[in-house]
There are 2 protein chains.
Amino acid sequence: MTKPRVRNMEEFSSFSGVSRPTVSKYFNDADSVRASTRQKIEKALEQCDYRPNIFAINQNRKLTKNFGIVVPYLADPFFAEIARRIETLVIAAGLRPILLSSHGDPELELGNLDALRLIKPAGVLLAPLGRASNRMALEAFCADVPTVNFDANIEGVGRAFVGHNNDQATEIMIEYLLRSGEPPVFFEMRTPPNPNANKRRVAYIDTMERRGQNPQIVQAEGEGWKIEEIGYREGRRAISENLFSTNTVFCSNDRLAIGFLSAAYELGLRIGRNDDCALRVAGHDNHPFSRYTCPTLTTVSHDYSAIAQRSVETVLKLIESETFPSQRETTLFDGELIMRASA
Amino acid sequence: MTKPRVRNMEEFSSFSGVSRPTVSKYFNDADSVRASTRQKIEKALEQCDYRPNIFAINQNRKLTKNFGIVVPYLADPFFAEIARRIETLVIAAGLRPILLSSHGDPELELGNLDALRLIKPAGVLLAPLGRASNRMALEAFCADVPTVNFDANIEGVGRAFVGHNNDQATEIMIEYLLRSGEPPVFFEMRTPPNPNANKRRVAYIDTMERRGQNPQIVQAEGEGWKIEEIGYREGRRAISENLFSTNTVFCSNDRLAIGFLSAAYELGLRIGRNDDCALRVAGHDNHPFSRYTCPTLTTVSHDYSAIAQRSVETVLKLIESETFPSQRETTLFDGELIMRASA
DNA sequence: TATTTAATTTAACGCGCGTAAATTAATATC
DNA sequence: GATATTAATTTACGCGCGTTAAATTAAATA
């Protein structure tokens, strides 16, 4: 019953009756050995539970099967969700994902990259903090390790960027809001941690002007990643001080909108597109919780799966080719209008 | 400007003028060498950026500085939050946290433990899936690796358990609800993934009976970790079918409550403790989003920081002592009533 | 059956570090 | 200043596996 303990490849070699180099070959690529020897090995594998020592394997490799995934803030379900998808794809590609969160802290972001360096990852997918990131350090890292930048685009960071088309996404939401009611006022953080926010502001202004509308922006004070709280506090203030010139609020992201909805509810405002509603509210991101807000949040969705898929594909290609791409390619995926009850 | 490249400890030894074994000693414990030699090493460390190869280090160690953290579902902000705290403590203890999520999948849970085995972690903190977990396999793992079980208690898994006092927490909420209005009906999943739910049901029934009340339970159908959705769908159904015999609903957890609130809102029910409200709703967990629901959710909080702290302490003690504790100790931390607007 | 080709075996070295024993040097104690 | 103590150095081996070259064997082809 009790399987014999096999301590190393040497022992497994004699146990299976296959020479050690061949066993080694098998573990690197099971198809690289003859079918008959493969059977011998796999039969032996069933009778004892030997597994190669991962440290010894990686010691001589310049490149391991490790794969780093760095996100700025894992407690944000948005990043948890996209990380989950990426993890799955990475595993399917035969690599070992290592998920790291920077927890909103630029020093920890550097620490994470430092930790990744040690484990010589084959590739890295990096969603940087953004404004707070130490750009020089990130660039230095990307020069050494095949890295693709995703979610938050920082020029020069990573050998490619895969992300969300903020321009298009902002535009379709504005178009929808314009044709279905009063023009939207943009509600955002004055100093957002994430660069997508800036893209969205610019896109808002551009689109509004192109439509002959007067762009209006209400900015929330506050720093950091406690975005719902900022949306709540500043939303409450903005409503109280009557800062919104129309009945339509387009929040820069869903977390801000979640806080805003909470404030509006507390102030007794009805939100929605019915006649008896005081305000329409829209968000941006299709945050996992946006379908459970009160009312459910009309928003514009990232193409989560496409972004995850393309990101992984791009790094894998990078790894395979072993070349430095001559230019940093940028891939953006269009957003999709998610019609719910809030606007 | 360009720092000389130092490839290994040998080279660093001659670079710094300190013998290799001493350098090795330094990297294992900087205080174990004489202050003067320590200075020599650290000065050299500034002039070149050598760092020991982590794979070579761990190859000879039976025990690494790796530390595993396994949670059942990282996309749940509750687990993200507690994982974040644990990570911080583990880093402070000089260990390298490896955070793994089972994504609600029992096979992945085993895969995670398998992956952890390979990296010979000094210790592991394991929050199991619960009902779906392969208990035998978990036990086998815990026999080999110093593991402390947290959050979801599975008898026999881990050498200690640290968690939330579901009995006490349930009781204080029921007491509050009883003295402030109608008796609570318990709303839960019929087949909850997490064993805490069962504890809470039992505690609900016990407390109600001790108070001379008639316990009433409404059970939601549905499997898996999409708990908000289940809360929404089944909450909507239960309200429509008039299954609640009083105006007070005590949800088994906040995620269920979040879904329930969304359903109630959609059905036009006012939630809260005012006279004009149709329903009072309470939750359990103090989920990060519970303060942004509409209305804000009255709930009972985990002592997040105490649980995180004690969990880490317990594993560290286990690691240090290198002994198998004669009995599996269970530590529970009391919950705290979080009064908000929903009940 | 002879020949070519492919796979396996044997033997041996290297990776970067941990670690132990014996020796030497630097401090601390009297 | 002599001795005892502590720390550093020298030397050497081992960890488990990758990898390579030459020798051998097995399979595929003619």
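All values derive from a computational prediction rather than experimental measurement. Letters A, B, ... are given to chains in the order of the sequence lines, protein chains preceding strands, and every chain is numbered from 1.
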Does B/Glu81 pair with B/Arg84 as a salt bridge, N-O distance under 4.0 Å?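 Answer for the salt bridge query: yes.
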Pairing of B/Glu313 and B/Lys317 as salt bridge, 4.0 angstrom limit: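 Salt bridge flag = no for B/Lys317 with B/Glu313.
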If we check side-chain contact (heavy atoms from CB on, under 4.5 Å) with A/Lys65, which of these qualifies: A/Val90, A/Leu95, A/Ile57?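 Considering A/Val90, A/Leu95, A/Ile57, a side-chain contact (heavy atoms from CB on, under 4.5 Å) with A/Lys65 is found only for A/Leu95.
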Where the side chain of A/Asn112 meets the backbone of A/Ala115, is there a donor-acceptor pair that is under 3.5 Å apart? no
Under a 3.5 Å distance rule, please check whether A/Ser24 uses its side chain to pair with a backbone N or O of A/Arg20 as donor and acceptor.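 Here the side-chain-to-backbone pair does not exist.
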Assess, by modelled atom type and distance only, whether the side chains of A/Asn66 and A/Arg61 contain a donor and an acceptor separated by less than 3.5 Å. no
Could you tell me which non-hydrogen atom of [X] sits nearest to which non-hydrogen atom of [Y], and how far apart they are?
{"X": "B/Arg38", "Y": "B/Asp31", "value": "NH1-OD1, 2.5 Å"}
{"X": "A/Ile82", "Y": "A/Phe150", "value": "CG2-CE1, 4.2 Å"}
{"X": "B/Arg117", "Y": "B/Ala140", "value": "NH2-O, 3.6 Å"}

Shorter than 3.5 Å, N or O on both sides, protein versus nucleotides 4-6 of chain C: list them out with atom names.
none

Grab the NZ-C1' distance between A/Lys40 and C/dA7 for me, whole Å please.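 Rounded to the whole Å, the gap is 12 Å.
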Would you mind reading off the distance between B/Leu118 atom CG and D/dC17 atom C1', rounded to a whole angstrom? 14 Å
Describe the nucleic acid contact of B/Thr37 in one word from base, sugar-phosphate, nothing, applying a heavy-atom distance below 4.0 Å. sugar-phosphate
Can you sort out which residues in residues 41-48 of chain B have a heavy atom within less than 4.0 Å of DNA chain C? Ascending by number, please. none
For nucleotides 10-18 of chain C, give me one character per nucleotide, 5' to 3': B if any protein heavy atom sits under 4.0 Å from the base, S if the only such contacts are to the sugar-phosphate, - if neither. BBB-BBBBB
Any A/Glu11 side-chain heavy atom under 4.5 Å of A/Arg5 side chain: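 No, side chains not in contact.
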